[in-house]
Chemist: 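Can you read through this structure? Questions will come right after.
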Amino acid sequence: MNRARAAIVLAAGQGTRMKSDLPKVLHPVGGRAMLDWTIAAARAVGAERVVVVAGAHAPAVGAHVEKVLGPGSIAIQDPPLGTAHAVRAAEAALAGFDGDIVILYGDAPFVPPERIEAMFALRAVKGGLIALGFEARDPAGYGRFIVSGDGALERIVEHKDATDSERAVRLCNSGVLCADARVLFQLLSMVKNENAKGEYYLTDVVGIARSSGFATHVLVGDEADAMGVNSRAELAAAEGAFQARARTAAMGAGVTLTDPGSVYFAYDTQIANDVTIEPHVYFGPDVSIAKGARIKAFCHIEGAEIGEGASVGPFARLRPGTKLGARVKIGNFVEIKNSTFGEKAQSSHLTYVGDSDIGARANLGCGTITCNYDGFDKYRTTIGEDAFIGSDTALVAPVKVGDRAYTGSGSVITKDVPDDALAVARGRQHVIEGWAKAFREKKRKAKE
Ligand code: UD1
Ligand code: CA
């Protein structure tokens, strides 16, 4: 039988090198806060309790966690006295929990759930403590795994406390640790702060476990899993690493990226096969694109569902709540928000569509504007199937245009238009024969 699982996420560091008013762990990578990546990984491995340890200096972290995980999921570590001290801060929130705990980090978003799963699995077989390590290209700064001849993990030594020969070790500590909850808190109570930084090191539990008769094992992962963010440059590097993976995954799933390096994905972008994405396209969160669609160059898309065979752009902006049916065509300089387009509906140029429902095969002429906002409230516009909205029509919501109806170019439509009707709402054209000629002659004479 599987043991119950919990996760403790450490996020009480100051993050001073970010030089930011926003707490470090709330900075986004791939459109999602780093902390949320870690929380998602904890949930993906079935952690029934997730406790985030935050510092007293960053109330925004507590508020965020409350929103994402609900009350009782935050533990405050004040003042922060080291990683072991941080884990102990979560003890009260996990009172009564009996099972396995994994310790994760709010500033290390890329530990794959499969890797955590493998740690739990190894623990199920071998028992004891499982530490996640990796072979570092440059081990400076990391804790080193000191492994005995038989492959067991003897202890972890922090870079600052290591001898030269220990510093030569390249097998490093990711920080991720998996252990039985009761054993872990029992060992943590024995950790002292006699080291170069005067901190309570979580890493010391390994040596203490050994001398208390508990087994300790290493699971070796990839260096990329352990990637942590301490500065804006590392944030950019993490973003780059995520984007590189997302591009490779998209192409692997049958998506054509003409210039992969210029396309930016979010953590949850879903793209079906045989979609083509031209250069310079940005995806914010919550986008899905069905088979065969084409996203032309220079589009900004977030919170949008794009139907099969649809064509979007170049230079289109799709904002949250956009739903495009199959084979819809959206052209250049069209902005859409909180609106649906039925199958084969079109808006080819220079248009704003907000809070609207556009019927199948309807055509919005160049310069159509839905006037959805009066400075206080928003109102909906409904356009029927096969309707034809003349160029430069302003639709003052709330308003409905019926099926197959037309609006005259340049109209300001303030009243509903019945099915099959034409609505024209503009000044009538006046023609004064010969006026221009007479005007020019008069002006010319005056200059003589
Ligand atoms: C830690 C590990 C090191 C490992 C490295 C991986 C220890 C003693 N060392 O070192 O072996 O190679 O991570 O990146 O654990 N934190 C708190 N409260 C505290 C101190 C830290 O919540 O009192 C949090 C930080 O926000 C951070 C994480 O714990 O997310 C790691 O702390 P940090 O001080 O960065 O540890 P390192 O020195 O990098
Ligand atoms: Ca660190």
Side-chain angles (χ1 to χ4, degrees), residues 7-18 20 23-27 33-35 37-39 51-58 61-62 65 74-91 93 102-111 129 131-146 153 155-162 166-167 169-177 179 184 187-188 191-208 218 220-231 234-235 237-238:
I8 297 175
V9 180
L10 302 194
Q14 296 275 359
T16 39
R17 276 182 282 164
M18 293 295 284
S20 176
K24 175 171 75 175
V25 296
L26 299 186
H27 280 261
M34 284 193 276
L35 180 57
W37 281 86
T38 304
I39 290 172
V51 177
V52 177
V53 180
H57 61 278
V61 174
V65 168
I74 190 94
I76 301 297
Q77 185 202 14
D78 183 28
L81 300 177
T83 46
H85 182 253
V87 176
R88 290 191 76 179
E91 189 169 1
V102 63
I103 294 159
L104 301 167
Y105 298 82
D107 60 356
F110 296 144
V111 182
L129 259 66
L132 179 64
F134 62 96
E135 291 283 341
R137 264 165 305 179
D138 173 13
Y142 290 114
R144 307 298 206 285
F145 279 178
I146 308 302
L153 178 62
R155 61 198 165 86
I156 304 174
V157 58
E158 287 305 291
H159 183 88
K160 279 194 174 157
D161 302 303
E166 286 168 340
R167 283 185 183 180
V169 171
R170 287 180 51 220
L171 185 60
C172 289
N173 178 28
S174 70
V176 180
L177 192 72
L184 178 69
L187 298 173
L188 280 168
V191 172
K192 299 197 167 59
N193 65 348
E194 289 150 10
N195 51 53
K197 281 168 110 182
E199 285 186 1
Y200 295 91
Y201 288 166
L202 174 60
T203 45
D204 283 356
V205 294
V206 170
I208 295 172
V218 176
V220 180
D222 296 334
E223 182 161 15
D225 303 351
M227 187 168 200
V229 171
N230 298 298
S231 62
E234 286 173 2
L235 182 66

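Everything quoted here is computed from the prediction, not taken from an experiment. As the structure lists them, so they are numbered: ligands from 1, and atoms in each ligand from 1.
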Chemist: How does Y142 reach ligand 1, by side chain, by backbone, by both or by neither, if only non-hydrogen atoms under 4.0 Å count?
Modeler: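 Under 4.0 Å from ligand 1, Y142 contributes backbone and side-chain atoms.
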Chemist: Under a 4.0 Å heavy-atom limit, does E199 contact ligand 1 with its side chain, its backbone, both, or neither?
Modeler: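 The answer is neither.
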Chemist: Short list, please: which atoms of ligand 1 are under 4.0 Å from a heavy atom of G13?
Modeler: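 Listed by number with element: 17 (C), 22 (O), 25 (C), 26 (O).
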Chemist: May I ask you to identify, for S174, whether its side chain, its backbone, both or neither come under 4.0 Å of ligand 1 on a heavy-atom basis?
Modeler: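 For S174, only backbone atoms sit under 4.0 Å from ligand 1.
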Chemist: Any side chain to side chain donor-acceptor pair (under 3.5 Å) pairs touching residues 79-91, not counting sequence neighbours?
Modeler: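 Residue pairs with at least one partner in residues 79-91: Q77-H85.
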Chemist: Within the side chain of D107, is there an N or O that forms a donor-acceptor pair under 3.5 Å with the backbone of G228?
Modeler: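 Pair absent, no side-chain N/O of D107 close to backbone of G228.
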Chemist: What pairs of residues pass the side chain to side chain donor-acceptor pair (under 3.5 Å) test when at least one of them lies in residues 137-146, not counting sequence neighbours?
Modeler: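 Qualifying pairs, neighbours excluded: R137-E223, R144-H159.
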Chemist: Which of the numbered atoms in ligand 1 are under 4.0 angstrom from any heavy atom belonging to D107?
Modeler: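 Those qualifying, in numeric order: 27 (C), 30 (O).
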Chemist: Atoms of ligand 1 less than 4.0 Å from L81 heavy atoms?
Modeler: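 Within the 4.0 Å cut-off of L81, ligand 1 contributes 23 (O).
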Chemist: Is it true that G82 lies under 4.0 Å from ligand 1, counting heavy atoms only?
Modeler: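 Under 4.0 Å: yes for G82.
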Chemist: For the side chain of S231 and the backbone of R17, is there at least one donor-acceptor N/O pair under 3.5 Å apart?
Modeler: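 Absent.
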Chemist: Taking 4.0 Å as the limit for heavy-atom contacts, which would you say applies to A11 with ligand 1: side chain only, backbone only, both, or neither?
Modeler: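 For A11, the contact with ligand 1 is made by the backbone alone.
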Chemist: What atoms in ligand 1 come closer than 4.0 Å to a heavy atom of Q77?
Modeler: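 The atoms of ligand 1 under 4.0 Å from a heavy atom of Q77 are 17 (C), 18 (N), 19 (C), 22 (O), 23 (O).
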Chemist: Quick check against the 3.5 Å criterion: does K24 have a side-chain atom that pairs as donor or acceptor with the backbone of M18?
Modeler: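 Pair absent, no side-chain N/O of K24 close to backbone of M18.
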Chemist: Using a 4.0 Å cutoff against the non-hydrogen atoms of E158, which atoms of ligand 1 qualify?
Modeler: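 Heavy-atom distances to E158 below 4.0 Å select 2 (C), 3 (C), 7 (C), 8 (C), 9 (N), 10 (O), 11 (O).
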Chemist: Can you list the atoms of ligand 1 that are under 4.0 Å from a heavy atom of T83?
Modeler: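 The atoms of ligand 1 under 4.0 Å from a heavy atom of T83 are 7 (C), 8 (C), 15 (O), 20 (C), 21 (C), 29 (O), 31 (C), 32 (O).
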Chemist: Verify, without hydrogens or angle tests, whether S174 (side chain) and A226 (backbone) share a donor-acceptor contact under 3.5 angstrom.
Modeler: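 No, because the side chain of S174 does not come within donor-acceptor range (under 3.5 Å) of the backbone of A226.
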Chemist: For ligand 1, which atoms have a heavy atom of A86 less than 4.0 angstrom away?
Modeler: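 Every atom of ligand 1 under 4.0 Å from some heavy atom of A86: 17 (C), 18 (N), 22 (O).
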Chemist: I'd like to know if the side chain of Y201 and the backbone of E158 have a donor-acceptor N/O pair within less than 3.5 Å.
Modeler: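 Answer holds: no.
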Chemist: Mark yes or no for whether N195, through its side chain, and E199, through its backbone, hold a donor-acceptor pair below 3.5 Å.
Modeler: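 Judged by distance alone, yes, a pair lies under 3.5 Å.
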Chemist: Is it true that a side-chain atom of R155 and a backbone atom of V206 form a donor plus acceptor pair closer than 3.5 Å?
Modeler: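 Pair absent, no side-chain N/O of R155 close to backbone of V206.
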Chemist: May I ask which of V25, V52, N173 has a heavy atom nearer to atom 12 (O) of ligand 1 than the others do?
Modeler: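 That would be N173.
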Chemist: Give the atom numbers and elements of ligand 1 that come within less than 4.0 Å of a heavy atom of G143.
Modeler: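 Near G143, the atoms of ligand 1 are 3 (C), 4 (C), 11 (O), 12 (O).
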Chemist: For K197, which part has a heavy atom under 4.0 Å from ligand 1: side chain, backbone, both, or neither?
Modeler: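 K197 to ligand 1: side-chain contact only, backbone stays beyond 4.0 Å.
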Chemist: Between the main-chain N or O of G13 and the side-chain N or O of H57, is there a donor-acceptor pair closer than 3.5 Å?
Modeler: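 Here the side-chain-to-backbone pair exists.
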